[in-house]
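Throughout, a chain's letter reflects where its sequence line sits, starting with A, and its residues are numbered from 1.
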2 protein chains.
Amino acid sequence: MNNAVFVALADPTRRQLLERLAMGPTTATGLSVRFPLTRQAVVKHLGTLADAGMVAKERHGREVRYRMESAPIGEATAWLTTVAARWEQRLLRLKSYVEEQP
Amino acid sequence: MNNAVFVALADPTRRQLLERLAMGPTTATGLSVRFPLTRQAVVKHLGTLADAGMVAKERHGREVRYRMESAPIGEATAWLTTVAARWEQRLLRLKSYVEEQP
DNA sequence: TCCATGTGCAACTGTTCAGTTGCACATGAA
DNA sequence: TTCATGTGCAACTGAACAGTTGCACATGGA
């Protein structure tokens, strides 16, 4: 599993930025207005999200728009689902074993 | 969304511990044998997982078994799915808008 | 050309955290 | 009781990281 994805998700500010980006692409400067952060702080967070492949940059004239990429989220979800399913399956086997007892 | 869950998931060692715990409950000492870590380091990681509600402790005689709890994983998955879905939905609306153009 | 706006890069600070070491306490078996 | 095993707690170290500040560069409009 790609570690960078979970590292990027670990910060609440980055998750909020992601939620905002899910609404549509924006610039770092635009985000820094709606968040209690410096533009530089936003850029750093977006860089971390980009390292995880969750965000992509697009130049438009003199501004840079950040666009969300949902594929890594899908991978993270898949990993979580697999681990949880393994545990649930074990519980089910345990349950049926107990019910088989006389 | 509960921040502690994503914080706990951000460390690769903790995710490996989770994968191991999905197989069945174990003690910190038992885990420290199979991982290149001190028992104390394992205990700390399990503590972080416990703070997130992903792990529960059970005393059995003089040993403490750690058991996985899958509910928080379900919540994390739900959050991820929601954010990704919002973005995908936006892409769909954009696509249909473009196709409507003459 | 001039200027406002948007971006990029580097250095600095404070904090958090992973991992270790050392020691004390508890428990089960002989 | 004695001893081996398992656990709990505290202090220490080094590294990673969030956030800031300061300054330089680029771009579009007047």
Reported CG-to-CZ distance for the pair A:L18 and B:R86, which is rounded to 0.5 angstrom:
10.5 Å
Is the number of heavy atoms from other residues, nucleotides or ligands within 6.0 Å of CZ (B:R34) greater than 12?
no
Which parts of residues 45-53 of chain A get close to DNA chain C, meaning a heavy atom less than 4.0 angstrom away?
none
List the atom of B:W87, the atom of A:G24, and the distance in Å for their closest heavy-atom pair.
CZ3-CA, 4.1 Å
Do A:L91 and B:M54 share a hydrophobic cluster (ILVMFWY, side-chain heavy atoms under 4.5 Å, transitive)?
yes
Degree of bending, the helix from C:dT1-D:dA30 to C:dA30-D:dT1 (end axes from five pairs; round to 10°)
30°
In whole angstrom, what separates A:R65's CZ from C:dT7's P?
10 Å
May I ask you to list the residues of residues 27-38 of chain B, by number, that have any heavy atom positioned under 4.0 Å from an atom of DNA chain C?
B:L37, B:T38
CG of B:L49 to CD of B:E69: how many Å apart, nearest 0.5 Å?
12.0 Å
Kindly indicate whether the side chain of A:E88, heavy atoms from C-beta on, has any atom under 4.5 Å from the side chain of A:L92.
no
Starting from C1' on D:dA18, measure out to CD on A:Q16 and report it in whole angstrom.
15 Å
Residue met sooner reading DNA chain D from 5', once B:E63 and A:T13 are mapped to nucleotides
B:E63
A:R67 side-chain N/O to A:P25 backbone N/O, donor-acceptor pair under 3.5 Å:
no
CZ (B:R20) and OG1 (B:T26) are apart, to the nearest 0.5 Å, by 4.0 Å
Classify A:R14 by what it touches in the nucleic acid, base, sugar-phosphate, or nothing, heavy-atom distance under 4.0 Å.
sugar-phosphate
Give me the one residue out of B:E58, B:H60, B:R65 that meets side chain to side chain contact (heavy atoms under 4.5 Å, CB included) with B:T27.
B:R65
Dump every N/O contact between nucleotides 25-30 of chain D and the protein below 3.5 Å, one line per pair.
from   : atom 1 : to    : atom 2 : distance (Å)
D:dT27 : O2     : A:R62 : NH1    : 2.7

Rounding to 0.5 Å, atoms CG (A:D11) and CG (A:L17) come to a distance of 8.5 Å
I need the B:L80 CG to A:R15 CZ distance, nearest 0.5 Å.
9.0 Å
Take atom CD of A:E58 and atom C1' of C:dT7, then tell me their distance rounded to the nearest Å.
16 Å
Of all heavy-atom pairs between B:E75 and B:M1, which one has the smallest distance, and what is that distance?
O-SD, 3.9 Å
Transitive ILVMFWY side-chain link B:Y66 to B:V33, under 4.5 Å:
no
Check nucleotides 9-11 of chain C for protein N or O atoms closer than 3.5 Å to its own N or O atoms and list the pairs.
from  : atom 1 : to    : atom 2 : distance (Å)
C:dC9 : N4     : A:Q40 : OE1    : 2.9
C:dC9 : N4     : A:Q40 : NE2    : 2.5

Please list, one pair per line, the donor and acceptor atoms closer than 3.5 Å that link side chains of residues 36-48 of chain B to other protein atoms, with sequence neighbours excluded.
from  : atom 1 : to    : atom 2 : distance (Å)
B:H45 : ND1    : B:R14 : NH1    : 3.1
B:T48 : OG1    : B:K44 : O      : 3.2

When you group the ILVMFWY residues by side-chain heavy-atom contacts below 4.5 Å and let the links chain together, are B:L21 and B:V7 in the same group?
no
What are the two closest heavy atoms between A:G53 and A:P72, and how far apart are they?
O-CG, 3.2 Å
Whole Å only: how far is the CG atom of A:D11 from the C1' atom of D:dG19?
11 Å
